[in-house]
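Step one of this worksheet: look at the structure below.
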Number of protein chains: 2
Amino acid sequence: MKISTKVEYGLIALTDIAMNSEQGTAVSASEIAQRQHISQKYLEQILMLLKQAGFVRAQKGLKGGYSLAKPTASVKLSEVLNALDNSILADTYTPEDAQNEGLRPTVNACLWGRINLYLRELTTNITLETFLEQCRESAEQSWDYYNI
Amino acid sequence: MKISTKVEYGLIALTDIAMNSEQGTAVSASEIAQRQHISQKYLEQILMLLKQAGFVRAQKGLKGGYSLAKPTASVKLSEVLNALDNSILADTYTPEDAQNEGLRPTVNACLWGRINLYLRELTTNITLETFLEQCRESAEQSWDYYNI
DNA sequence: ATAATCTCTATTTATTTAGTAGGATATATA
DNA sequence: TATATATCCTACTAAATAAATAGAGATTAT
């Protein structure tokens, strides 16, 4: 499944903020950009999406930056993805589709609709909390892998 | 999830062939194009993919066309999708990704990899046979819906 | 004051998608 | 064998989308 950089960077940024603002300090866009090798200006646009959707709060000025606006357990991955790209979990259903005399509506209903439902269920059941836990486990595993 | 017309039309075409070549007669591209309202020239390119991947066989010349090359129960949806667009079920993993010092490899492994695995499992368990059955059920349902 | 930070909008560039187009090749049938 | 009807193959193009780049404005801790 092809993921746009916007969605990928957005999730990386959210993860970076979660991991690096634990002491109550905000994480600036420039920090994230440097750490994750992402264009800062592009990242700023993406961070605005995360802020508008209520996942992070922003603090302007010196020592400002972004911090989490909610407890990680209440952040559903499906909602984060929707905030970054509202087509990623959506059915691409058009009004003309419904009037199509061919197989298009049927295939849409039977297959793509079913796949999207599946994806929504999957991503609804992943929270930022569980995701961060998996990231830590994954990091440990690759550490072991290279050192044993 | 955004599906390209190439993939969508490919699946529609395969379904059309399955439904309309039962008497051993081949289905021509022009027939499919008319029935499904798809550009014939574009469709021809897509049918070539399905042929190259071994899902349909082609018969040139007068009264020619396409017919299924395998029993429907042995056609896995995952394989059809891969034939039409090999990125749709794939991890978008690049060599640079592995060397990235940031969170990118971790997020790739923990999230996109997991989602793709999920999608592959789902689509591997759908065969053309089961899909056709669902299409028929769906058609009956909408029939009922509008007539009762 | 000022330097650092987010905010907002416009523009540009690169890539992908969704076709269009034209002709070559093969073949059933009259 | 002539012909109409198919598939096969490749090149090209227009439109949409993705991925930034750029610049200026607003805010705020120090």
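Keep in mind that this is a model prediction, so the values were computed, not measured.
- In terms of phosphate contacts, Tyr9(B) brings a side-chain nitrogen or oxygen within less than 4.0 Å of OP1 or OP2 of dG19(C).
- The CD atom of Gln34(A) sits 14 Å away from the C1' atom of dT5(C) (whole-angstrom rounding).
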Review item, side-chain donor-acceptor pairs of residues 71-88 of chain B, under 3.5 Å, at least two apart:
unit_1, atom_1, unit_2, atom_2, d
Ser74(B), OG, Pro71(B), O, 2.9
Ser78(B), OG, Thr124(B), OG1, 3.3
Asn82(B), ND2, Ser78(B), O, 3.3
Asp85(B), OD1, Ser87(B), N, 2.9
Asp85(B), OD1, Ser87(B), OG, 3.0

Show me the donor-acceptor pairs, under 3.5 Å and distance only, between side chains in residues 54-62 of chain A and residues at least two apart or in other chains.
unit_1, atom_1, unit_2, atom_2, d
Arg57(A), NH1, Leu68(A), O, 3.2

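- Distance from the side chain of Tyr66(A) is smallest to dC6(C) among dA20(D), dC6(C), dC8(D).
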Short N/O separations, protein against nucleotides 23-29 of chain D, under 3.5 angstrom:
unit_1, atom_1, unit_2, atom_2, d
dG23(D), O6, Lys41(A), NZ, 2.5
dA24(D), N6, Lys41(A), NZ, 3.2
dA29(D), OP1, Gln59(A), NE2, 3.2
dA29(D), O4', Leu62(A), O, 3.4

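- Going from atom CD of Gln45(B) over to atom P of dG23(C) covers 17 Å, rounded to whole Å.
- Checking side-chain atoms of Asn100(B) against main-chain N and O of Pro105(B) turns up no donor-acceptor pair under 3.5 Å.
- The aromatic rings of Tyr118(B) and Tyr118(A) are tilted relative to each other, their planes meeting at an angle between 30° and 60°.
- Straight-line distance from the CG atom of Leu49(A) to the P atom of dA19(D): 13 Å, rounded to whole Å.
- With sequence neighbours left out, Thr25(A) forms a side-chain contact (heavy atoms from CB on, under 4.5 Å) with Gln23(A).
- Atom CD1 of Ile46(B) and atom C1' of dT20(C) are 13 Å apart (whole Å).
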Between protein and nucleic acid, restricted to nucleotides 15-18 of chain D and to nitrogen or oxygen atoms under 3.5 Å apart, what atom pairs and distances do you find?
unit_1, atom_1, unit_2, atom_2, d
dA18(D), OP1, Lys2(B), NZ, 3.2

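- Without hydrogens or angle criteria, Thr127(A) side chain to Thr130(A) main chain gives a donor-acceptor distance under 3.5 Å.
- Backbone-only contact: Ala29(A) has heavy atoms under 4.0 Å from sugar-phosphate atoms and none from a base.
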All N/O donor-acceptor pairs, side-chain side in residues 30-37 of chain A, below 3.5 Å, sequence neighbours left out:
unit_1, atom_1, unit_2, atom_2, d
Ser30(A), OG, Ser28(A), OG, 3.2
Glu31(A), OE2, Ser28(A), N, 3.2
Arg35(A), NE, Asp16(A), OD2, 2.9
Arg35(A), NH2, Asp16(A), OD1, 2.8
Gln36(A), OE1, Leu103(B), N, 2.6
Gln36(A), NE2, Asp16(A), OD2, 2.7

